[in-house]
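Let me begin by presenting the structure, written as structure tokens, before commenting on it.
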Amino acid sequence: MSASLTSSPTMAKRIAPREPEALVTREVDQLVSKLLGEIKVPFGSLGTRVLNQLSDLKRILSTDYMEVPALPSKPLLRELEQIVENDIKQHMPALPSKPLLRELEQIIDNDLKPRTPAYGNFGSLGSPQLLCHLGKIFGPRELELRAEPYRTGAGLSLRGFYCRADVGEKSKFVIFVNTAHHPGAVAATLGHELGHYIYGSLVGEKASHTAFMEGAFANHLVEEDELFADSLVALSAYSPELIKKIGGVTHLKPGSADMLFSSIKDAYGMIGKSYDLDLAKGKMEAAWRVRYLTSMAHFFKLRCALYKSAGI
């Protein structure tokens with residue numbers, strides 16, 4: 001008699017849950033393969049650093065963001081959405097006209113680029129006008145931004161950090177952003193650190209006086225303050241209309257790999273155009289291509305979860 005006919009109901013219950021996990025694992029592997037092909041990361045380049053990044057990417061892709069326990073409460077998320085719309089977007093300096101932007105680009109390329117670090121497209125988010133406004137609304141700590149290219153020591157593994165410090169008679173919230181990264185990554189890092197500043201005002205500052213944005217994005221899924229900070233980036237990057245158009249996919253289930261791939265590809269295409277980012281070209285190392293892709297997938301899936309859970 002076959003084993004399947006003699007299995008007890010108790011054993012069947014223990015075995016049954018394994019099938020969906022195996023199917024999801026297969027879906028994740030299929031999705032990762034397609035994404036690597038999209039950014040032209042050859043399998044021959046999958047060294048230790050790339051494999052470590054792939055582990056983080058697989059965790060991000062397989063997690064159901066609607067079920068993440070650290071997702072902030074709906075009232076807190078709605079308050080953040082109002083802050084993004086009314087206190088961030090409304091107080092960012094207006095972009096110059098296209099002719100003026102082209103002229104400025106020529107000046108930078110021909111006269112300034114060899115001597116001046118590139119600050120990228122995060123200039124509006126880091127403008128003194130916006131930082132001053134946020135400082136008045138969410139003080140008492142004064143906001144201070146330090147943006148510099150940093151390649152020594154920890155090097156590119158350091159994207160940015162914040163620290164709370166007393167400078168003279170002033171209590172400051174200092175944000176450091178590593179501008180050696182691509183402008184799109186710089187913008188996300190700055191937005192994330194501003195999220196920590198706002199979280200401290202709304203919810204309360206955590207005991208740690210210094211926090212770094214580095215390592216695996218999957219680690220953010222277990223800390224409410226990290227997900228709140230990431231939510232500021234997600235809300236700033238994607239409008240509700242765009243999420244409806246692209247398709248809000250919050251998790252991967254058997255048979256949905258193609259749908260999630262299409263959604264992430266569309267989101268990547270939009271972010272790529274905004275920040276002139278093409279992960280398939282240039283001399284960027286494979287590990288950083290995967291890390292930037294993981295970052296985009298994380299912020300996109302989080303944005304879909306915010307839309308579905310809080311209607312924002």
F300 vs Y268, side chain to side chain contact (heavy atoms under 4.5 Å, CB included): CA-CA, chis, key distance, verdict: CA-CA 9 Å; F300 174 69; Y268 160 55; over 6 Å; no
In one Ile/Leu/Val/Met/Phe/Trp/Tyr side-chain cluster, 4.5 Å: I39, L31: yes
Y162 and H196 aromatic ring geometry - parallel, tilted or perpendicular at 30°/60° bounds: tilted
Donor-acceptor under 3.5 Å (D56 side chain, A216 main chain): no
Heavy-atom closest pair, residues G139 and S201: O-OG, 4.4 Å
Qualifying residues under side-chain hydrogen bond (donor to acceptor under 3.5 Å, both in side chains), relative to D230, sequence neighbours excluded: H192, H220, H298
Ring centroid separation Y307 to Y238 under 6.0 Å: no
Worked verdict on I137 versus I198 for side chain to side chain contact (heavy atoms under 4.5 Å, CB included): CA-CA 9 Å; I137 299 294; I198 294 171; over 6 Å; no
Side-chain H-bond candidate by donor/acceptor type, N86 with Q90, under 3.5 Å: no
Rounded distance (nearest 0.5 Å) linking atom CG of L227 with atom CG of L232: 13.0 Å
Check: A310 main-chain N/O paired with R78 side-chain donor or acceptor under 3.5 Å: yes
Atom of A180, atom of Y150 and distance for their closest heavy-atom approach: CB-N, 3.8 Å
Distance, nearest 0.5 Å, that separates CG of L145 from CD of E193: 10.5 Å
Nearest atoms (heavy-atom pairs only) where A237 meets I271: CB-CD1, 4.3 Å
Centroid-centroid under 6.0 Å between W288 and H181 rings: yes
Donor-acceptor under 3.5 Å (S295 side chain, R291 main chain): no
From CD (E144) to CD (E142), nearest 0.5 Å: 7.0 Å
For R141, all residues meeting salt bridge (Lys or Arg N to Asp or Glu O under 4.0 Å), sequence neighbours excluded: E205
Pairwise side chain to side chain donor-acceptor pair (under 3.5 Å) hits with a residue in residues 31-43, at least two apart: K34-D258
CD1-OG distance between I246 and S263, expressed to the nearest 0.5 angstrom: 7.0 Å
Test salt bridge (Lys or Arg N to Asp or Glu O under 4.0 Å) applied to D29 - qualifying residues, sequence neighbours left out: K58
Side chain to side chain contact (heavy atoms under 4.5 Å, CB included) assessment of V290 paired with L279: CA-CA 9 Å; V290 175; L279 296 177; over 6 Å; no
hydrophobic_cluster_shared for L76 and L306, side chain cutoff 4.5 Å: yes
Where L143 and G135 come nearest, the two heavy atoms and their spacing: CD1-N, 4.4 Å
Common cluster, V233/V222, ILVMFWY with side-chain heavy-atom separation under 4.5 Å: no
Which residues share a side-chain hydrogen bond (donor to acceptor under 3.5 Å, both in side chains) with E85, sequence neighbours left out: K89
side-chain hydrogen bond (donor to acceptor under 3.5 Å, both in side chains) against E285, all qualifying residues, sequence neighbours excluded: R49
Residues I175, R146; criterion side chain to side chain contact (heavy atoms under 4.5 Å, CB included); working and verdict: CA-CA 6 Å; I175 294 175; R146 298 183 182 181; over 6 Å; no
Distance, nearest 0.5 Å, that separates CE of M296 from CG of L277: 5.5 Å
Minimum-distance pair of heavy atoms, taken over all atoms of D87 and L130: O-CD1, 3.3 Å
Test item: N178 side-chain N/O and P149 main-chain N/O as donor-acceptor pair under 3.5 Å: no
OG on S231 to CD on E224, rounded to 0.5 Å: 9.5 Å
Same apolar cluster (I L V M F W Y, side chains within < 4.5 Å links), I264/L242: yes
Minimum-distance pair of heavy atoms, taken over all atoms of A187 and L125: O-CD2, 3.7 Å
M66 backbone acceptor or donor facing K308 side chain under 3.5 Å: no
Within-4.5 Å side-chain heavy-atom neighbours: T189 and F176: no
Linked, directly or transitively: Y292 and L51 (ILVMFWY side chains, under 4.5 Å): yes
